[in-house]
**Student:** 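Below you'll find the structure I mean.
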Amino acid sequence: MSQNYKDTLNLPRTDFPMKANLAAREPEMLRAWEETKLYQQIQKSREGRELFVLHDGPPFANGDVHMGTALNKILKDFVVKSQTMLGKRAPYVPGWDCHGLPIEYKVVKESRELSPLEVRKRCEAFARKFIDVQREQFKRLGVFGDWEHPYLTMDPKYEAEILRAFAVFVEEGLVYEAQKPVFWSTGAQTALAEAEVEYQERDDTAVYVRFPVATGEWKDKASIAIWTTTPWTLPANLAIAVDAKENYVVQEFSRDGASETLVLAEKLLPRFSAATGLWPVGKPLTSFPGATLGGVKARHPFLDREVPVFTAGFVTMEWGTGAVHVAPGHGADDYVLGMEHNLPILSPVDDHGRFTDEAGLPNLTGKYVFEANPDIVELLRERGMLLGEEKFHHSYPYCWRSKTPIIFRNVDQFFIRIDALRGRALEAIHNEVKWIPAWGENRIAGTVESRPDWVISRQRSWGVPLPVFYGKDGKAILDPKIIRTLADLVAQHGSNIWFELDDAALAKEVGLPPVTTKGTDTIDVWIDSGVSHKAVCALHPELRDPADMYLEATDQHRGWFQSSLMTSIALNNRAPYKICVTHGFVVDLDGKKISKSGTYEKPTAADHFVGKYGADLLRLWASSIDYTTDVPFSEEIFTRLGDTYRRIRNTLRICLGIV
């Protein structure tokens, strides 16, 4: 009789299955954890323990969770759970950023000609839909948190805190109104903050242009040569800038038997000749420092006006001719120079980026400025003012949402004075905050050092209204007391009250005369999320301000890390966080960034990978990569990770079986 020797062996015994079957088993585990309120049990078990607060940077509620957001939430979950395992009380209150261009752009794109109030109602419905979608997707990733009580920037009480913070900014003298060039999205017809700008590589037509000298020794004998990569801004030219200390020459040039006498920087002669085919004839007729040119006037190449020459510190010798075309209505440096010399701020372009009558070119009125570039070049050629043209490859700013090229445009906007906050912000960066990895300190310090004043007004409907009223004389009324009264009103009724009441009714509610009118702008959404330390951490009974940690991707040195820092300096004179952790972007194997607004063809939604491989595999991926650099992902990576996961699982199975 044969004997079954299996029963005689002392083999490991365990109910832990060999096959993971994650896609089927994980939802069962999650349901069990939710039914038993595991997160709440954990929090209750840690009552009275040392507190650790990781404050959640709110994602936009405008699409499925992609792999970049999944990585962010999983890393946060690692931190919260590890702090809990160390014995601390580590609550996690998730949040969502609900207002702003990303949502409004999608709503308006689908349904045009809507009233502002209707736009807002549809935007709110859109945001709530994706809050629910993303909430379930985050929970499916195994992320623990108070999912039933998240913070939403569109919640009336949160909106009221935004306005109360704004009242403090006004009280501290940080808010002002001015007409100056700002980043302007022609696709979305609104001003943009720096953090809403992305850069793309592109080729533009750069031109070398003659500006005939109109005064002084070289009047009618020479022309100043300028160079620009934006020919469409030439109708707004009002001056020329040169470097006071650099050496300039008056040089005769020859091309195809014709001669030109031009003024330009000596250093750039070789490059100018190579680009234009105009070659020097003999030695320079004379040379002098740029300061000598100050006060000289030149004639505009195609409009009936003379433009003065000024010296300026922003002139460089890297490209061009050393003589910079200045359009105060279309550039930050140009604007400052124009203000110094009392130049008008000409910006003959409308909200859609089309020329207006002010450009002085009737045949181009109504034409999109980038489409008008060839027309301007041809006009220069016809007038005999074109010295040369070339293709110039460079990074150009684009709107993060409409993906259209940005223009610098002079418009009336509201700003926050960054100079009033800059010094204290840099001190906090260097002395109050631990940066992980360490290079984050220099990165955010560099952006703060170079940051211009903060454009805080938006020409949009979906957002917290900018609390500005206008008196009978048309002057802006910015009164902290009135703003706080409005905040109380918004806390009760939501910010739709601004759009539901007419001017007289709203004025009565806040204690202003009936002739008062309300503004139409909304507040930059970076203030919405930037004051979350006040609206959430400081007011939530389980949290505290400052938080122990903020954890976001590298782009937030320009975004949420910085907006939170600036608002906290203004409100509390300190940083809102003790530790800032930065992780890289999720990229494909070719290094292309994955984001909701991208056009990547392969699957990027976290749900795709969770459904196919299980959340545990995504968490294994997140724990096995170097999060401080850009993080690659692909189907092939997850296939290989499956083998690693099986080895880990089988090792655990053996360990459990021999206990």
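FYI, side chains are in, hydrogens and waters are out, and symmetry mates aren't considered; it's all heavy atoms of this structure. Nothing fancy with the numbering, it's 1 onward along the sequence. Remember, predicted model here, so these are calculated numbers, not experimental data.
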**Student:** Between Asp453 and Arg422, is the closest basic N to carboxylate O distance under 4.0 Å?
**Tutor:**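 A salt bridge is absent here (no side-chain N lies under 4.0 Å from a carboxylate O).
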**Student:** Counting distance only, does the side-chain N/O of Arg544 pair as donor-acceptor with the main-chain N or O of Val53 below 3.5 Å?
**Tutor:**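 No; zero donor-acceptor contacts below 3.5 Å.
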**Student:** Does the Tyr158 side chain pair with the main chain of Asp528, one donor and one acceptor, at a distance under 3.5 Å?
**Tutor:**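 Yes; at least one donor-acceptor contact below 3.5 Å.
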**Student:** Should Arg460 and Asp521 count as an ion pair when the cut-off is N to O under 4.0 Å?
**Tutor:**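 Not counted as a salt bridge, because no side-chain N and carboxylate O are separated by less than 4.0 Å.
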**Student:** Aromatic rings Trp435 and His557: how do their planes relate, parallel, tilted or perpendicular, breaks at 30° and 60°?
**Tutor:**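 Taking His557 first and then Trp435, their aromatic rings sit tilted (interplane angle of 30° to 60°).
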**Student:** Apply salt bridge (Lys or Arg N to Asp or Glu O under 4.0 Å) to Arg484 and list each qualifying residue two or more places apart in sequence or on a separate chain.
**Tutor:**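 Result, salt bridge (Lys or Arg N to Asp or Glu O under 4.0 Å) vs Arg484: Glu171.
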**Student:** Indicate the ring-plane relationship of His99 and Trp462, choosing parallel, tilted or perpendicular according to the 30° and 60° boundaries.
**Tutor:**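 Perpendicular.
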**Student:** Between the main-chain N or O of Arg458 and the side-chain N or O of Thr190, is there a donor-acceptor pair closer than 3.5 Å?
**Tutor:**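 Looks like no, no N/O pair under 3.5 Å.
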**Student:** Compute whether any side-chain donor of one residue and acceptor of the other, for Gln562 and Arg451, lie under 3.5 angstrom apart.
**Tutor:**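 The criterion, which ignores hydrogens and geometry beyond distance, is satisfied for Arg451 and Gln562.
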**Student:** Does the pair Glu198/Lys403 count as a salt bridge with the N-to-O cut at 4.0 Å?
**Tutor:**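 A salt bridge is present here (some side-chain N lies under 4.0 Å from a carboxylate O).
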**Student:** For Ser563, which residues count as a side-chain hydrogen bond (donor to acceptor under 3.5 Å, both in side chains) partner, sequence neighbours excluded?
**Tutor:**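 If we apply the side-chain hydrogen bond (donor to acceptor under 3.5 Å, both in side chains) test to Ser563, skipping adjacent residues, there are no hits.
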**Student:** Between Arg128 and Glu124, does any NZ, NE, NH1 or NH2 come within less than 4.0 Å of an OD or OE carboxylate oxygen?
**Tutor:**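 Yes, this pair counts.
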**Student:** Charged N to carboxylate O below 4.0 Å: is that the case for Lys578 and Glu432?
**Tutor:**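 Answer for the salt bridge query: no.
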**Student:** Within 45° of the ring axis of Phe126 and under 6.0 Å from its six-membered ring centre, is that where the NZ or CZ of Lys106 lies?
**Tutor:**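 No, Lys106 and Phe126 do not form such a contact.
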**Student:** Treating Thr153 as the side-chain partner and Cys98 as the backbone partner, does any N or O pair qualify as donor plus acceptor under 3.5 Å?
**Tutor:**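 Yes; at least one donor-acceptor contact below 3.5 Å.
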**Student:** Taking NZ, NE, NH1 and NH2 as the nitrogens, is one of them in Glu161 or Arg164 under 4.0 Å from a carboxylate oxygen of the other?
**Tutor:**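 The answer is yes: the pair qualifies as a salt bridge.
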**Student:** Is Asp524 reaching over with its side chain to a backbone N or O of Ser457, donor-acceptor style, under 3.5 angstrom?
**Tutor:**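 No; zero donor-acceptor contacts below 3.5 Å.
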**Student:** With sequence neighbours excluded, tell me which residues meet salt bridge (Lys or Arg N to Asp or Glu O under 4.0 Å) with Asp626.
**Tutor:**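 Residues passing salt bridge (Lys or Arg N to Asp or Glu O under 4.0 Å) with Asp626: none at all.
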**Student:** Counting only N and O atoms by type, is there a donor-acceptor contact under 3.5 Å from the side chain of Ser450 to the main-chain atoms of Gly446?
**Tutor:**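 A pair under 3.5 Å: yes.
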**Student:** Report the distance from atom CZ of Phe414 to atom CZ of Phe166, rounding to the nearest 0.5 Å.
**Tutor:**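 Phe414 atom CZ to Phe166 atom CZ measures 7.5 Å (nearest 0.5 Å).
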**Student:** With side chain to side chain contact (heavy atoms under 4.5 Å, CB included) as the test, would you mind laying out the steps for Ile456 and Phe415 before giving the verdict?
**Tutor:** CA-CA 5 Å; Ile456 57 170; Phe415 299 83; 5.7 Å; no
**Student:** Angle class for the His55/Trp560 ring planes (parallel below 30°, perpendicular above 60°, tilted otherwise)?
**Tutor:**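 If you compare the ring of His55 with that of Trp560, the planes turn out tilted.
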**Student:** If we ignore hydrogens and angles and just use 3.5 Å, is the side chain of Tyr577 paired with the main-chain N or O of Phe561 as donor and acceptor?
**Tutor:**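 Judged by distance alone, yes, a pair lies under 3.5 Å.
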**Student:** Do the side-chain N and O atoms of Gln137 and Asp64 include a donor-acceptor pair separated by under 3.5 angstrom?
**Tutor:**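 Short answer, yes.
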**Student:** Determine whether a donor-acceptor pair (N or O, by modelled atom type, separation under 3.5 Å) exists between the side chain of Ser82 and the backbone of Phe78.
**Tutor:**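 Here the side-chain-to-backbone pair exists.
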**Student:** Before accepting this row, confirm whether a basic side-chain N of the pair Glu34/Lys139 lies closer than 4.0 Å to the acidic partner's carboxylate O.
**Tutor:**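 Looking at Glu34 and Lys139, the cut-off is met.
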**Student:** May I ask you to establish whether Arg619 and Trp621 are in a cation-pi arrangement, using a distance under 6.0 Å from NZ or CZ to the six-membered ring centre and at most 45° from the ring axis?
**Tutor:**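 Negative - Arg619 is either too far from the ring of Trp621 or too far off its axis.
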**Student:** Looking at Asp545 and Arg574, is any side-chain nitrogen of the basic one under 4.0 Å from a carboxylate oxygen of the acidic one?
**Tutor:**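 Salt bridge present between Arg574 and Asp545.
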